[in-house]
Structures are given as C-alpha cells and as structure tokens.
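As structure tokens, the structure follows; a few thoughts come after it.
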Amino acid sequence: MKCTVCKGPAVIDLRRHNANFCPEHFTKFCRDQVTKAIDDHDMIAPGQRVLVAVSGGKDSLALWDLLVALGYEAEGMTIGLGIGDYSEASTAAAVAYAESRGLPLRRIDLRADYGYDIPTAAAVTRRVPCSSCGMSKRHLIDAAALEGGFDVVATGHNLDDEAAVLLGNVLHWQTEYLGRQVPALPARDGFPRKVKPLVRLSERETAAYCVLRGIDYIVEECPMAAGNRHLRYKEALNAIEAGSPGTKHAFYFEFLAKAAGHFQPEAAAAQDGLTACARCGAPTTGEVCAFCRLVERVEGADPVPVELVRSGRRR
Ligand code: Q46
Ligand code: ZN
Ligand code: ZN
C-alpha cells in the first residue's frame, strides 16, 4: 500500500476518500480537514481564545493537539465525573497530555467541587447516567468559558458521532434538536459560541492521529455507555458505511447543506423566554437552572458505586 501523495509506504487507507497515507501525509490530511471545517463553518477567527472540552479520549486529545498545531490559543478543561476507574484514567490521560506538551488545563471534580458524581446522580434521579452527565458537562464548560473570557468552546465530536446523533434525531423526528445540530452554534445570551472542528474526521482517523502523534489516550469507552442507543446507531451506520464508503459523510453534510436550515426557526423559538438562573445566573426556562436543581437534589447523597448503576439495580 502506497501513500497517494508521496508513494512512500502508507500506514492507513481511507476508503471514503479513496486514498492511502504515510504518517506525514496523514497528519497533514487531518490538519487540512480541521482547517476546512473551521473555514467552511466560520468556527474560530484568528486570535480568538478557545476552551477545549477534554475527556482524555482520542477525539478530545486529537482536537486539542490539532488546534495547537494550527496555531490557535487553546486551553483544555476536564471534568472528573466520578465514574470509577474510567474517570480516573480519563483525567490522568488529560493531565499527562497537558503536562507533556506544557499546555494549560483547567480541572473540575464533581465530587470534590459540587458534592456528587454521575453514578449517584443517575441513581437519585432514576434517569440514564448520560442525562445528568451531559447536562453537568455542558453547564460547567459554558460557565468556565464565560468566566474565563473565552471566545469559543470546542468539543471533539467527530463524523461518526454527528452522523449517529443525526440518525437518532431523524428516527424520532426531533425537529428542535435537528435545528440545533450544526457544527458551529453562535453565542447567545448566556451561552458561549460552540464549535465541532472534527466533524470531517472519523473516529478511526482521530485514533490513528493520536497513535502517530504519540498521544496516550484512554481506550476504554465510558462503562455507562454500554448498550445505549447512540452506540446502536453507530453500529448501524458502520454496517452501511462498510458497503458504501462515504455514506456517513453524505448523510451528515447533505443534511447541513439541504435540511438543517428548515429546522432552525423551531430551535430558535425554543430558546425564547430564557432568563438568568436565580442561583448561578446561567440561562434557564425556569427560575432555577437544571444544574442547580440537580446539585440540590444529589448533593450529600450516599455515593452509589458504578457497578450498581450499570447493572440497573438502582434505576
Ligand atoms: S461520559 Fe457521561 Fe458520556 Fe459516560 S455517562 Fe454518558 S455522557 S457515556 S460522552
Ligand atoms: Zn506520503
Ligand atoms: Zn443555576
């Protein structure tokens, strides 16, 4: 297998691009794809400060590395979710990367700073862990970005993630979510600008990028995700992609080009009438935001071990 660019030995084949790359040209390919995503969707202007949401997985570490390589001033932020060994290993990977590259990393720990963790929140609220987890992460990253004066928040969602979320939103015709499923969400009262610079890269590509760049990422997936709908949608799309390379890319980018705009008025309307949370000032539809209500409910509850939540015994 030869590199499509230099004819040297290739280390990866990308069927949807009908190309093979050596390490040097694959790294360049990744940078070019991120540059194109940033340019096409006006994600980050030169000189803007970026807060990168870092989990310690391949996507967020590849994103941080790519943004720094492209010359952006990108600071990391990681949140200790308290999901047993998985969270410890995630934080360790984020810290190790930041230290090895001399990059600034902000750290929050849900248990130490807010008195709860995700398994306990899931058990007390009797909802799937990803519900309180996603909400907590969004709230804390938004708040940190605004407090720290960042221009934009960047997250490591890749093409596989976005295509799977799109499939879920289409299967259930979640029109409000469809209107918000864009790679660059503008800042609005109380919300920072949010961008997804990896939307043109697949998860196989972000993993290969990390290996070639010597980035140690946490390989295990979150134990709370096992068997969830998002993973089933990914598997379904992978099966289609295997027979027709490029399908995921077409599904997502043709949606952006031809359909997303139709749903935006509905998404915008859902944001009307937001006021500031009486406790923390974050935008909310009620008097107190969902994060403050969650903290009030779960703070001080006896910690629930990960295994109990995973096995469903507390749900
Ligand atoms: S960390 Fe949190 Fe994810 Fe784990 S509990 Fe769900 S949302 S799966 S990206
Ligand atoms: Zn090459
Ligand atoms: Zn609040």
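Indexing begins at 1, ligand by ligand and atom by atom, following the structure's order.
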(request) Compute the centroid of each ring, for His172 and then for Tyr177, and state whether the two points are separated by less than 6.0 Å. (result) no

(message) Working to 10°, measure the angle at the Zn ion (ligand 2) formed by atom SG of Cys6 and atom SG of Cys22.
(response) 110°

(message) One pair to check against side chain to side chain donor-acceptor pair (under 3.5 Å): Asp59 and Asn158. What are the steps and the verdict?
(response) CA-CA 7 Å; Asp59 302 310; Asn158 57 41; 3.0 Å; yes

(message) Within the 4.5 Å heavy-atom criterion, are Asp65 and Ile215 side-chain neighbours or not?
(response) yes

(message) Do Thr78 and Ser55 have side chains that approach each other closer than 4.5 Å (heavy atoms only, starting at C-beta)?
(response) no

[X] heavy atoms, cut-off 4.0 Å: which ligand 1 atoms fall inside?
X: Cys222; value: 1 (S), 4 (Fe), 5 (S), 8 (S)
X: Ala225; value: 8 (S)
X: Lys137; value: 1 (S), 2 (Fe), 3 (Fe), 7 (S), 9 (S)

(message) Counting backbone and side-chain atoms alike, is an N, O or S atom of Cys133 positioned under 2.8 Å from atom 2 (Fe) of ligand 1?
(response) yes

(message) Let me check something: do Val153 and Leu81 share a hydrophobic cluster, defined by ILVMFWY side-chain heavy atoms less than 4.5 Å apart, either directly or through other members?
(response) yes

(message) Pairing donors with acceptors under 3.5 angstrom, does anything connect the side chains of Ser132 and Tyr116?
(response) no

(request) Using only N, O or S atoms, tell me which atom of His25 is closest to the Zn ion (ligand 2). (result) ND1

(message) For atom 6 (Fe) of ligand 1, what is the closest protein heavy atom, and at what distance to 0.1 Å?
(response) Cys130 SG, 2.2 Å

